[in-house]
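Heads up, the thing below is written out as structure tokens.
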2 protein chains.
Amino acid sequence: MLNESSNDKPVYPIRTAAKLLNISVHTLRMYEKEDLILPFKKSSNHRLYSRNDIDRINCIRSAINDSKISINGIKTIYAMMPCWEVLNCSKEDRSKCSAFLRHSGPCWAVKGDDTICATKDCRNCLVYQEYGECGSIKNFIRNKLTSL
Amino acid sequence: MLNESSNDKPVYPIRTAAKLLNISVHTLRMYEKEDLILPFKKSSNHRLYSRNDIDRINCIRSAINDSKISINGIKTIYAMMPCWEVLNCSKEDRSKCSAFLRHSGPCWAVKGDDTICATKDCRNCLVYQEYGECGSIKNFIRNKLTSL
DNA sequence: AAATATTGATATTTATAAATACCAACTTTA
DNA sequence: TAAAGTTGGTATTTATAAATATCAATATTT
């Protein structure tokens, strides 16, 4: 499904990533605390960013700076994504999952539910990787609803 | 379908509406310019607000002040709504409608397309009336996708 | 083992979205 | 028909989200 390319490999330490993006190291940590991004963590807890991470963050920056969407706005847009359709969650899975109902933030920010996602690393999840902007989210909804 | 209740009747002039909402008259006009609301207009071009308008604006205020979602964020969330499913647009209708593809603002902000909505007054449209907040929009998407 | 980088956390700054104030022309109402 | 209210416009203020600066403790690199 997902082709494991070199763009997925976590290679940039936080300082390098910050330089590539022309932002401060702290801003990167802030985006993470706000559940916008899920950088790779080494065993030492140090972060590493992939080329795809950089592209994703550039997209977030454009939403904030060009489209003037606030961080909480972005989180709410992420919450619109029907993740259960991507993962083909069962009715029972869905009933146990707060991401199914909530509209306050992305599914990958949900912790503690007893779902099929509980043990997964969201960083490797199709939902996180492919639906990180409003365009692709609306695309998904539109395609799902009109292909019936 | 829609029960024409007293809550729909446009009765409050802008000043009264502003007082009910504890905001300035200009803020109300700003929300309208940003396509968040569609107040009733008298032939003289003066605005009138209904009880439902007041409730809707209170909801917008809560999104801005409590949830910290920017106006452009709210517009983008509105754009996620699959309006074509509510109106049962044909394939051809959809192909002519920019609201089908765009993710920059609500369908009721679209002008000039040759669609079934062209002659309609969006103020009386179910899409505008019922899906004015993130909760109801996600509800709609969830119900549509899981009732299949 | 010394030099360089990262960690999380708090305190501060800056950029700007959201709201207000003001304007002359027009409309309503009493 | 006079007083009060509304119109759309620009210019200004304010509140705060987003970003930066600084910190001691810990990890990495050479």
Side-chain angles (χ1 to χ4, degrees), chain A residues 10-50 53-54 56-78 104-105 109 111, chain B residues 10-50 53-54 56-78 104-105 109 111:
Chain A
V11 287
Y12 308 118
I14 195 166
R15 196 165 213 267
T16 311
K19 267 193 196 123
L20 284 169
L21 289 157
N22 250 305
I23 57 175
S24 80
V25 160
H26 185 93
T27 301
L28 278 172
R29 287 209 213 94
M30 194 256 282
Y31 289 166
E32 180 182 345
K33 198 173 188 183
E34 294 281 8
D35 296 312
L36 299 183
I37 51 172
L38 295 170
F40 179 83
K41 298 274 191 110
K42 295 200 276 185
S43 54
S44 60
N45 214 28
H46 285 200
R47 297 164 177 85
L48 284 179
Y49 298 80
S50 68
D53 286 325
I54 305 297
R56 181 195 189 89
I57 295 159
N58 265 324
C59 170
I60 290 168
R61 300 231 92 219
S62 161
I64 294 172
N65 297 319
D66 305 334
S67 305
K68 311 293 181 190
I69 303 173
S70 63
I71 287 179
N72 279 352
I74 297 173
K75 290 165 76 170
T76 309
I77 291 161
Y78 283 163
S104 49
K111 303 267 174 277
Chain B
V11 287
Y12 308 117
I14 194 165
R15 197 164 212 268
T16 311
K19 265 192 196 127
L20 284 170
L21 289 157
N22 251 304
I23 57 175
S24 80
V25 161
H26 185 95
T27 300
L28 278 172
R29 286 208 213 94
M30 195 256 283
Y31 289 167
E32 181 181 345
K33 199 174 189 183
E34 294 280 8
D35 296 312
L36 299 183
I37 52 171
L38 294 171
F40 178 83
K41 298 273 189 111
K42 295 200 277 184
S43 54
S44 59
N45 214 28
H46 285 199
R47 297 165 178 85
L48 285 179
Y49 298 80
S50 69
D53 286 325
I54 304 298
R56 180 194 190 90
I57 294 158
N58 265 324
C59 172
I60 290 168
R61 300 231 90 219
S62 162
I64 293 172
N65 297 320
D66 306 334
S67 305
K68 309 295 181 189
I69 304 173
S70 63
I71 287 180
N72 279 352
I74 297 173
K75 290 165 76 170
T76 308
I77 292 161
Y78 284 163
S104 49
K111 304 266 175 276

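Proteins get letters first, then strands, A, B, ... in listed order; numbering begins at 1 in each. The model shown is predicted, which means the values in this text are computed figures rather than measured ones.
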Practice item. Decide yes or no for Ile74(B) and Ile64(B): does some side-chain heavy atom of the first lie under 4.5 Å from some side-chain heavy atom of the second? Key: yes
Practice item. Kindly indicate whether the side chain of Tyr31(A), heavy atoms from C-beta on, has any atom under 4.5 Å from the side chain of Ile71(A). Key: yes
Review point. How many Å lie between CD1 on Ile64(A) and P on dA17(C), as a whole number?
Key: 12 Å
Point to revise | Atom-to-atom span, CG of Asn45(B) to C1' of dT6(D) - whole angstrom | key: 10 Å
Review point. Which parts of residues 17-28 of chain B get close to DNA chain D, meaning a heavy atom less than 4.0 angstrom away?
Key: His26(B)
Point to revise | Nearest-neighbour nucleotide for the Tyr31(A) side chain, dG8(D), dA19(D), dT27(C) considered | key: dA19(D)
Exercise for review: Mind calculating the distance between CD1 (Ile69(B)) and P (dA17(D)) to the nearest angstrom?
Suggested key: 12 Å
Point to revise | Interatomic distance where CE belongs to Met30(A) and C1' belongs to dT13(C) [whole Å] | key: 13 Å
**Study point:** Separation between CG of Leu48(A) and OG1 of Thr16(A), rounded to the nearest 0.5 Å
**Key:** 9.0 Å
Exercise for review: Would you kindly give the NZ-to-P distance between Lys41(A) and dT7(C), to the nearest whole Å?
Suggested key: 7 Å
Practice item. Starting from P on dT7(C), measure out to CG on Leu48(A) and report it in whole angstrom. Key: 9 Å
Point to revise | First encountered from the 5' end of DNA chain D, between Arg47(B) and Lys68(B) | key: Arg47(B)
Check your understanding: Which part of the nucleic acid does Arg29(A) contact within heavy-atom distance under 4.0 Å: base, sugar-phosphate only, or nothing?
Key -> base
Exercise for review: Hey, which sits more toward the 5' end of DNA chain C by its nearest nucleotide, Asn65(B) or Lys42(B)?
Suggested key: Asn65(B)
Check your understanding: When rounded to the nearest 0.5 angstrom, what distance separates CD1 in Ile57(B) from OH in Tyr49(B)?
Key -> 6.0 Å
Point to revise | Electrostatic pair Arg29(A):Glu34(A) at N-O distance under 4.0 angstrom | key: no
Check your understanding: To the nearest angstrom, how far is Lys75(B) atom NZ from dA18(C) atom P?
Key -> 10 Å
**Study point:** Ile71(B) or Ser44(B), whichever maps to the more 5' nucleotide of DNA chain C
**Key:** Ile71(B)
Check your understanding: Whole Å only: how far is the CD atom of Glu34(A) from the C1' atom of dG8(C)?
Key -> 15 Å
Revision key, fill the gap. d(Leu20(A) CG, Asn58(A) CG) to nearest 0.5 Å is 9.0 Å
Exercise for review: Taking ring pair (Phe, Tyr, Trp, His ring centres under 6.0 Å) as the test, write out the residues that go with Tyr78(B), two or more places apart.
Suggested key: Trp108(B)
